[in-house]
Structure formats: C-alpha cells, structure tokens
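Order of listing sets the numbers, starting from 1, for every ligand and every atom in it.
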Amino acid sequence: MQSTSPQDEAKRVAAAQAIERFLVDGMTIGLGSGTTSRWFVRILGERVAQGLRVTGVPSSKSTGQLATEVGVALADLNDVDQLDLTIDGADEIDGKGQMIKGGGANLLWEKIVACASKKMVCIVDESKLVEGLGRFPLPVEVIPFAWRSTERHLRALFKENGLGDPKIDMRGGLEKPLITDSGHYLLDCHLEKIPEPESLGANLKQIPGVVEHGLFIGIATDAVVGHASGESEVFTFR
Ligand code: 5RP
C-alpha cells in the first residue's frame, strides 16, 4: 500500500521506525487506533508474514478487524497480565510526552491498553508536536444518560479552572451523535490552552457521567516522530 500524501508518508515512517526500534520477537503488544496506527498494524502484518511472532491487543474494533485481516494474532486483555509495549498515535504531544488523544474516537480502550503496558511508544508526524496542549479539542467520553447535565458540570469545571466558557461539540452532531465502541458519546471541548493538564485530567474524572478523557499524562515512555523525507527522531520521556 502506498502513502497518499507527505503527511501520510511521515505517519508510515514513524510506524515503521517504531517497529524497527522497539518491537522484539515474542512480545505481546497493544495495537493503537487511527491512521498512523493503521500503518503500524499493516507493517506489523508484513513482519508477521516474514516470521515475526507477536500477539496483539487491539484498542478499537476497527483495529482488531484490520489486525485480523493482515494476519496478526489477537488476545483478550482479560487474559494477559501485562503488555510488553503499546504503539499508538496522538492528536497532540508536547516535549514532556503529555498527549491529547481521542480524535479517532477510541480514547477509552486506548488508555486502558496503554496503561496495561510496560512501554507506550507514541507514533506521530511532526504536525502533532506542540509547545502546550489544547489547540486540538479535548475529547471527553460521557455516558449518554443525562449528558447535558454532565456537560453543565464540565462547563463549571472549566470556569473554575480559568478556562472560560469553551465551545463544546457533540462528536457526530446532535442529530446523530457518534457512539463509541463502548456505547458512549464524545464531547469535544475547544479549550485552546490547557496550562495544567494533569490536574484538569484528575478533576474531569470526578464528574459523574464522565467515563474518560483524552488527556494522556505520564503514559508515553517514548515517541517516534516521522518525516516525509524518510527521516525520524526518537524521544524518550522516562
Ligand atoms: C484515536 C487516536 C489517534 O491515535 C489520534 O486521533 C491520531 O490519529 P491519526 O493517527 O489518524 O492522526 O487517539 O482515538
């Protein structure tokens, strides 16, 4: 399969380099979701066809489907103590490895899978690198029941944290909200700047109705940034 644009090529390069650098024969690995992770899973399928032995735990239904198509053996996370490694994309990543994820609607399973892993390697093209988080709308996964009430709590929290009165969009639109793999809604919060992502993340989790949010803090151990030229850089955070 060919990349379709310079950005897509940069995603492919990041995925290929992460496999080269971090994947070891015999590992049980978390499989990310999104277009960069789809490159990762496709290239992984090629390596498996050449004899690499790995078992994958998918972070979305669509990744599981692709992994099966390309011949990657899958396991249920219930049956696995700890994953050796997760490789997944991000919507934003800063110099400390703090990320916003969930642009592909899979943040809940992605966080569960990443947090079950010894290492989490983020694969991105350079457009995802940021000085500070928040330009990308922060996705918050909520229970459909009384979601407007949950949204009011979100607004109050943002105000208390000096984040003003941001636009909040229902993913997919009010007419036909997107339903996540776990049957929830996603509220995309246009915060623009998140000065203290760790405390905001902890506070979001206190709101009844919030299932999970897209702030991934202290989770990435490394990042591979791909470039369309074929070059890549590796960053280690801890
Ligand atoms: C899905 C995610 C993705 O990793 C994130 O949206 C990046 O996607 P892409 O690789 O398509 O740019 O968090 O929920």
Side-chain angles (χ1 to χ4, degrees), residues 1 3-19 29-44 56-67 85-94 97-117 119-130 133-142 169-172 177-190 194 197 201 204 210-217 219-228 232:
M1 188 163 163
S3 49
T4 55
S5 66
Q7 187 186 20
D8 196 38
E9 175 59 10
K11 292 179 181 197
R12 192 195 64 75
V13 168
Q17 192 55 35
I19 291 178
I29 54 173
L31 309 175
S33 299
T35 53
T36 319
S37 293
R38 289 182 81 78
W39 275 118
F40 160 57
V41 175
R42 281 190 214 105
I43 300 168
L44 191 61
V57 170
S59 62
S60 63
K61 290 181 183 170
S62 65
T63 292
Q65 206 170 357
L66 177 64
L85 170 71
T86 284
I87 297 181
D88 195 358
D91 299 299
E92 285 186 350
I93 180 164
D94 72 8
Q98 305 184 120
M99 301 180 283
I100 288 184
K101 287 182 52 53
N106 309 117
L107 69 93
L108 177 58
W109 291 18
E110 287 173 335
K111 201 176 270 190
I112 293 171
V113 169
C115 289
S117 306
K119 275 175 103 62
M120 190 272 168
V121 177
C122 174
I123 47 174
V124 286
D125 66 86
E126 65 198 32
S127 72
K128 307 292 183 63
L129 300 178
V130 295
L133 301 179
R135 268 282 286 286
F136 190 89
L138 176 67
V140 179
E141 184 151 348
V142 300
D169 290 330
M170 169 66 75
R171 183 83 59 94
L178 177 144
I179 307 290
T180 67
D181 281 351
S182 290
H184 305 133
Y185 291 164
L186 282 171
L187 298 178
D188 289 316
C189 305
H190 297 251
I194 306 178
L204 282 167
V210 168
V211 181
E212 196 45 85
H213 55 79
L215 287 166
F216 282 50
I217 310 301
I219 293 178
T221 54
D222 306 86
V224 181
V225 182
H227 302 278
S232 61

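For ligand 1 and Asn106, the ligand atoms under 4.0 Å from any heavy atom of the residue are 1 (C), 14 (O). Against a heavy-atom cut-off of under 4.0 Å, Ala90 is close to the following atoms of ligand 1: 4 (O), 5 (C), 7 (C). Interface of Gly89 with ligand 1, defined as ligand atoms under 4.0 Å from a residue heavy atom, comprises 4 (O). Heavy-atom contacts of Asp88 reach the following atoms of ligand 1: 4 (O) (cutoff under 4.0 Å).
With a heavy-atom cut-off of 4.0 Å, Val124 does not touch ligand 1 at all. Contacts between Ala105 and ligand 1 below 4.0 angstrom, taking non-hydrogen atoms only, involve the backbone exclusively.
Taking distance alone, with nitrogen or oxygen atoms compared against 3.5 Å, Gly104 approaches ligand 1 more closely than that limit.
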Might you work through the salt bridge (Lys or Arg N to Asp or Glu O under 4.0 Å) test for Lys128 and Glu92, ending with a clear yes or no?
-> CA-CA 5 Å; Lys128 307 292 183 63; Glu92 285 186 350; over 6 Å; no

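Closest non-hydrogen pair, Gly89 versus Ser37, comes out as N-OG, 3.4 Å.
When hydrogens are left out, the protein atom nearest atom 3 (C) of ligand 1 is Ser33 O, 3.3 Å; that is the closest non-hydrogen contact. Looking only at protein heavy atoms, the nearest one to atom 11 (O) of ligand 1 is Thr35 OG1, 2.4 Å. Counting only heavy atoms of the protein, atom 12 (O) of ligand 1 lies nearest to Lys128 NZ, 2.6 Å. For atom 2 (C) of ligand 1, the closest heavy atom belonging to the protein is Glu110 OE2, 3.2 Å.
The closest heavy-atom contact to atom 5 (C) of ligand 1, among the options Asp91, Thr36, Ile123, comes from Asp91.
In this structure, Leu187 and Arg171 have side chains that are not in contact, with every pair of non-hydrogen atoms separated by 4.5 Å or more. In this structure the side chain of Ser33 reaches within 4.5 angstrom of the side chain of Ser59, judged on heavy atoms.
We find the OG1-NZ distance between Thr35 and Lys11 to be 3.0 Å, quoted to the nearest 0.5 Å. With rounding to the nearest 0.5 angstrom, the OH atom of Tyr185 is 10.5 Å from the OG1 atom of Thr180.
A distance-only check finds a donor-acceptor pair linking the side chain of His213 to the backbone of Gly201 [under 3.5 Å]. Thr63 places a side-chain N or O within 3.5 Å of a backbone atom of Gly32 that can act as its donor or acceptor partner.
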